[in-house]
Peer 1: 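Attaching a single structure in structure tokens format; questions to follow.
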Amino acid sequence: MSGDGKGPAPGSGAHPDDYKGYREPLLSVLKENGVTVWCIVRAKTTKGVFEGLILPRSETADPYHLVLKLGSGYNVGLRYDTIQSIEKTGYFRAEYRIPEQEFPVDPAKPRVKLFGTGGTIASRLDYRTGAVIPAFSPGELYGSVPELADICNLETEKLFGVFSENMGPEQYLVLAEKIGEAIRAGYDGIVIGHGTDTMHHTAAALSFMVQRPPVPIVMVGSQRSSDRPSSDAAQNLINATWTAAHGPIAEVMVCMFGPTSDRYNLLHRGTRVRKMHSSTRSTFRTIGDIPLAMVENGKLTPLQEGWAPRRDDREVEIHPVFEERVTIAYYYPNMHPDVIDALVEKGYRGIVLAGTGLGHVNRRLYPALERARDAGVLVFMTLQTLWGFVQMYVYETGREILGLGVIPLANMLPEVAYIKLGWALGMHPDDPEKVVELMQTPIAGEITPREPHDGYLVFQGGVPEMKEFLGRIWS
Ligand code: ASP
């Protein structure tokens, strides 16, 4: 019997949640072994024996892995074709539902729209219970992060349910249009939940597609899922929502953990931000500049000037276009010219080179670069060093490459240049001169006049970590 005395009992194999999130081929493996979600099991596999609790699977996850929570608290994924037998040793049903609570509406508070695209933040939001359920209705969000109701009136809309490697131009265009609609409908700020891996690509795309927004557009994700005690999901969401509702900066931004402690979040400009660490929570860093601001406990401290302020009007320019035949070629020593030739032959219309040092590639590529130019393919230069400016007049190599028609892009980050090129070619499909002009004209901070003299060294570390570290050395 289920908890309410009606319908089949959970764990019987007949309850609707018994195989939650599992599809074939794993569904048959579970059924054949007589186990369900929340069974404590001993699984024999070709890789060893694992003991743990079968967890429900996120709807966006792949269908091949059985997820066990081990005694250590860590999760392990067992591939279906390595599983030899599963023996049930117990049953423990964790609270799975996020309590749906009516999101309290307060007419005095700002209205914020949250668009969901997927990623870890969308699939595991309950930081108190550790439930692994996609939480997206306002009621579910309120149930898992009640602080949100103190900040604003939140309305949510799930646009996609994908991990961010599956985001691309198709999704960027929808997002840009939706943001335009939300701005015109009068929302005071916009939050976009997104996987962290390609959040900086989407942030760049939105910075070009949504121009002169009157309100903050804040992207947010989480590095650690909320079933782990160290999750950053709730803090990031609270600070991002506060920034959208009350913050003074009307730009496309990323709001993620600042230091490794949970003291504050940083707000990064959408065209200067990059994911720099695969797992730490403080993974997003502003490159070539310092972040726009710090946000903590309902307080925003600007760290630099020159940002676009919030406005009362509802005007915004939406340019949802993207030419997909663009690419990045990351230079490596001894790169062969056929790599560039192949791109030209395949019909690519634009190539962003990520060159060495001040913007270099080897001589061997020169004939291919010439062939690309003659075929009308636009080739741009950016830097692998990420920090600093392309300066092609310093060495002979740079001057030679300029002579082959390669166009320098100052301190635009390679991924940002890739996104901007796709967008610029979409804006001017038949006018290469206009594309080049647009590429070299900063429109959303993607090229800056200079780096702050201490920018490279300040804010790459966090407070209090830097203080503690230096304190240990100098004590
Ligand atoms: N792989 C995930 C994604 O980018 C990671 C995350 O959500 O943070 O969608």
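Remember, it's 1-based here, ligands and their atoms both numbered in the order they're listed. Reckoned from all heavy atoms, side chains included, excluding hydrogens, waters and symmetry mates.
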Peer 1: Tabulation required: pairs of a nitrogen or oxygen in ligand 1 and a protein nitrogen or oxygen under 3.5 Å; columns are atom names and distance to 0.1 Å; otherwise 'none'.
Peer 2:
residue, atom, partner, partner atom, Å
ligand 1, 1 (N), D197, OD2, 2.8
ligand 1, 4 (O), S164, OG, 2.6
ligand 1, 4 (O), T196, N, 3.3
ligand 1, 4 (O), D197, N, 3.0
ligand 1, 4 (O), D197, OD2, 3.4
ligand 1, 7 (O), T120, N, 2.7
ligand 1, 7 (O), T120, OG1, 2.9
ligand 1, 8 (O), T196, N, 3.2
ligand 1, 8 (O), T196, OG1, 2.6
ligand 1, 8 (O), S222, O, 3.0
ligand 1, 9 (O), S164, N, 2.7

Peer 1: Counting N and O atoms only, with roles assigned by atom type, does the side chain of E323 sit under 3.5 Å from a partner on the main chain of R325, one being a donor and the other an acceptor?
Peer 2: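 Yes: the side chain of E323 pairs with the backbone of R325.
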
Peer 1: Give a yes/no verdict on a cation-pi contact between R79 and Y64, requiring under 6.0 Å between NZ or CZ and the six-membered ring centre and an angle within 45° of the axis.
Peer 2: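 R79 over Y64 ring: yes.
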
Peer 1: Centroid separation under 6.0 Å, is that true for the rings of W423 and F322?
Peer 2: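 No, ring centres 6.0 Å or more apart.
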
Peer 1: Against I287, only a single residue in H200, M276, H268 fulfils side chain to side chain contact (heavy atoms under 4.5 Å, CB included); can you say which?
Peer 2: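 Only one of H200, M276, H268 forms a side chain to side chain contact (heavy atoms under 4.5 Å, CB included) with I287, namely M276.
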
Peer 1: For P213, give me all partners under side chain to side chain contact (heavy atoms under 4.5 Å, CB included), at least two apart in sequence or on another chain.
Peer 2: I183, V210, I217, V316

Peer 1: May I ask you to check if K158 and F115 form a cation-pi contact, with NZ or CZ under 6.0 angstrom from the six-membered ring centre and within 45° of the axis?
Peer 2: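 Not flagged: K158 not positioned over aromatic ring of F115.
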
